[in-house]
2 protein chains.
Amino acid sequence: MTPSDRLREQALDGFWETVPSLWNFVRSYIRVTATSNFDVTVEQFHVLRFVRKGMSISELATAKNISRPAISQAVDALVKKGLLTRTQSLNDRRYVELTLTSEGNALLDSVFKETRQWMKERMKKLSATELETIARAMDAMKKMLD
Amino acid sequence: MTPSDRLREQALDGFWETVPSLWNFVRSYIRVTATSNFDVTVEQFHVLRFVRKGMSISELATAKNISRPAISQAVDALVKKGLLTRTQSLNDRRYVELTLTSEGNALLDSVFKETRQWMKERMKKLSATELETIARAMDAMKKMLD
DNA sequence: ATAAAATAGTTTCAATACTTAACTATTAAT
DNA sequence: ATTAATAGTTAAGTATTGAAACTATTTTAT
């Protein structure tokens with residue numbers, strides 16, 4: 001085991017002790033906020049999140065690892081709720097462009113804003129140095145995605 | 001906006017740009033490993049994960065935000081697959097103790113080992129300094145959970 | 001000590017979500 | 001000009017989920 005091997009192990013241990021529980025914690029907060037303030041499930045909320053990023057039906061299916069028909073049906077429900085709209089793409093008419101309605105956008109904005117506020121409050125426990133370390137660590141971790 | 005307010009904002013931006021996609025990425029890898037090497041869904045895999053932590057049916061339901069009956073039925077499926085067993089607790093006979101079988105333990109070990117190896121490989125892109133930063137950042141982030 | 005309340009889990013059944021297979025419409029490739 | 005590939009939908013069957021009602025056990029209150 002080389003020294004840099006040991007460093008990787010340490011970072012990895014930290015990752016597994018922290019990220020899954022923290023993300024689960026944040027997700028639970030989103031769940032409660034989204035389902036109590038608005039009539040959407042967490043899954044529907046995440047569909048809206050991906051739609052705002054500009055994802056198509058197929059991309060959504062790949063990203064969420066569920067079938068295209070399942071996404072198509074989830075989109076149906078969101079269209080019925082008035083949170084997004086379908087329009088045929090002009091460039092390639094096989095595509096359906098998903099667009100958030102103003103209600104859909106407002107919903108996402110509201111949930112995100114509230115979650116961010118809650119997280120910022122929790123971050124008050126951290127020192128300036130710790131906050132800087134986190135910001136730098138996040139940049140480094142991004143490289144694992146390429 | 002105070003200076004430490006700005007630091008919190010920066011750390012928060014980093015969090016949102018990194019953690020959801022990275023965790024999703026890792027989860028996808030686990031999904032493929034668990035479902036292709038073994039006959040379990042990701043959800044079932046996560047149930048096994050929580051069982052190994054010693055969680056009861058009710059705790060599992062709370063942690064995963066689904067109903068007790070749903071967990072009870074998911075446990076049924078895992079018992080039928082020979083991955084875990086139910087036994088009445090001796091201390092409090094209302095409780096059902098969930099225990100992984102050797103097959104269940106082997107499955108978790110195998111998936112975790114493979115995932116860790118894959119992550120370690122990806123971490124080779126990172127410098128020693130970056131790895132140290134990540135390890136320290138993880139410790140700091142843990143404090144947000146209390 | 002005993003009745004009432006609370007807790008842990010299960011069963012049943014109806015509602016929801018998901019998958020596979022077959023389909024339409026459109027674009028790309030040979 | 002066919003053929004193949006891509007994007008999405010529909011339909012039908014399967015599997016997950018949650019609400020309500022239930023058993024068994026333990027705790028609380030009287």
Side-chain angles (χ1 to χ4, degrees), chain A residues 24 27-28 30-32 34-36 38-51 53-81 83-100, chain B residues 24 27-28 30-32 34-36 38-51 53-81 83-100:
Chain A
N24 196 52
R27 234 182 111 91
S28 293
I30 292 177
R31 166 179 290 116
V32 172
T35 56
S36 64
F38 304 95
D39 179 30
V40 291
T41 66
V42 210
E43 290 310 318
Q44 289 176 336
F45 175 79
H46 283 111
V47 169
L48 293 178
R49 214 160 60 81
F50 283 127
V51 166
K53 283 190 195 162
M55 278 198 183
S56 69
I57 303 261
S58 295
E59 286 167 337
L60 256 160
T62 306
K64 290 178 67 62
N65 273 283
I66 55 181
S67 67
R68 269 189 292 266
I71 295 292
S72 189
Q73 288 159 36
V75 165
D76 273 350
L78 291 168
V79 169
K80 271 183 198 139
K81 288 188 188 200
L83 297 170
L84 55 82
T85 57
R86 278 192 251 241
T87 41
Q88 194 178 40
S89 167
L90 294 174
N91 308 352
D92 183 335
R93 288 183 305 176
R94 290 172 300 184
Y95 276 89
V96 167
E97 269 164 22
L98 300 174
T99 319
L100 291 182
Chain B
N24 196 53
R27 232 182 112 92
S28 293
I30 293 177
R31 167 179 287 117
V32 173
T35 55
S36 62
F38 305 94
D39 179 31
V40 290
T41 66
V42 213
E43 289 309 318
Q44 289 175 335
F45 175 80
H46 282 110
V47 170
L48 293 177
R49 213 160 62 80
F50 283 127
V51 167
K53 283 191 197 163
M55 279 197 182
S56 70
I57 304 259
S58 294
E59 287 168 336
L60 257 160
T62 306
K64 291 179 65 62
N65 273 285
I66 55 181
S67 68
R68 271 191 291 265
I71 294 291
S72 188
Q73 291 159 44
V75 164
D76 274 350
L78 291 168
V79 169
K80 273 185 196 135
K81 289 187 187 201
L83 297 170
L84 56 82
T85 58
R86 277 192 249 240
T87 42
Q88 193 179 39
S89 168
L90 294 175
N91 307 352
D92 184 334
R93 289 184 305 179
R94 289 172 301 184
Y95 276 88
V96 167
E97 269 164 22
L98 301 174
T99 319
L100 291 182

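In what follows, chains carry the letters A, B, and so on, assigned in the order in which the sequence lines appear, proteins first and then strands, with residues in each chain numbered from 1.
- In 5' to 3' order, the nucleotides of DNA chain D bounding all contacts with chain B (an atom under 4.0 Å from a heavy atom) are D:dT17 to D:dT26.
- Smallest separation of non-hydrogen atoms from B:M55 and B:L98: O-CD1, 4.1 Å.
- A search for ring pair (Phe, Tyr, Trp, His ring centres under 6.0 Å) contacts involving B:F38 returns nothing, not counting sequence neighbours.
- In terms of the side chain to side chain donor-acceptor pair (under 3.5 Å) criterion, residue partners of B:D92 (sequence neighbours excluded) are, by chain and number, B:R94.
- For the helix from C:dA1-D:dT30 to C:dT30-D:dA1, the terminal axes (five pairs an end, C1' atoms, rotation from four pairs onto the next four) enclose an angle of 30°, given to 10 degrees.
- Summary of the strand contacts: A:V96 and A:Q73 both lie near DNA chain D, and taking for each the nucleotide with the nearest heavy atom, the more 5' one is attributed to A:V96.
- Looking at residues two or more places apart in sequence or on another chain, you find a side-chain contact (heavy atoms from CB on, under 4.5 Å) between B:D39 and B:K81.
- Smallest separation of non-hydrogen atoms from B:V32 and B:S36: O-OG, 2.6 Å.
- In the displayed structure, A:R49 atom CZ is contacted under 6.0 Å by more than 12 heavy atoms of other residues, nucleotides or ligands.
- For A:A77, the side-chain contact (heavy atoms from CB on, under 4.5 Å) test picks out A:Q44, with sequence neighbours left out.
- The side-chain contact (heavy atoms from CB on, under 4.5 Å) search around B:V79 returns B:V75, B:L84, B:R86, not counting sequence neighbours.
- Within residues 63-72 of chain A, the residues that place at least one heavy atom under 4.0 Å from DNA chain C are, in residue-number order, A:I66, A:S67, A:P69, A:A70.
- At whole-Å resolution of the value, CZ in B:R94 and P in C:dA5 are 16 Å apart.
- Heavy-atom minimum distance, A:N24 versus B:A63: ND2-O, 3.7 Å.
- A search for side chain to side chain donor-acceptor pair (under 3.5 Å) contacts involving B:E97 returns B:S89, not counting sequence neighbours.
- Regarding A:L60, its CG atom lies at a distance of 16 Å from the P atom of C:dA17, rounded to whole Å.
- Residues of residues 42-50 of chain B having a heavy atom closer than 4.0 Å to DNA chain D: none are found.
- Rounded to an integer number of Å, the gap from CD1 of B:I57 to P of C:dT11 is 11 Å.
- We find that CZ of B:R93 is positioned 16 Å from P of C:dT10, with the value rounded to whole Å.
- By the side-chain contact (heavy atoms from CB on, under 4.5 Å) test, A:T62 is found to be paired with no residue, residues two or more places apart in sequence or in another chain being considered.
- Within 4.0 Å (heavy atoms only), B:S56 reaches sugar-phosphate atoms of the nucleic acid but no base atom.
- Applying the salt bridge (Lys or Arg N to Asp or Glu O under 4.0 Å) test to residues at least two apart or on different chains, the pairs with a partner in residues 53-67 of chain A are A:E43-A:K64.
- Under 4.0 angstrom from either OP1 or OP2 of C:dT10 there lies at least one side-chain N or O belonging to B:R86.
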### Query
Between B:L78 and B:V51, does a side-chain contact (heavy atoms from CB on, under 4.5 Å) hold up when you go through it step by step?
CA-CA 11 Å; B:L78 291 168; B:V51 167; over 6 Å; no

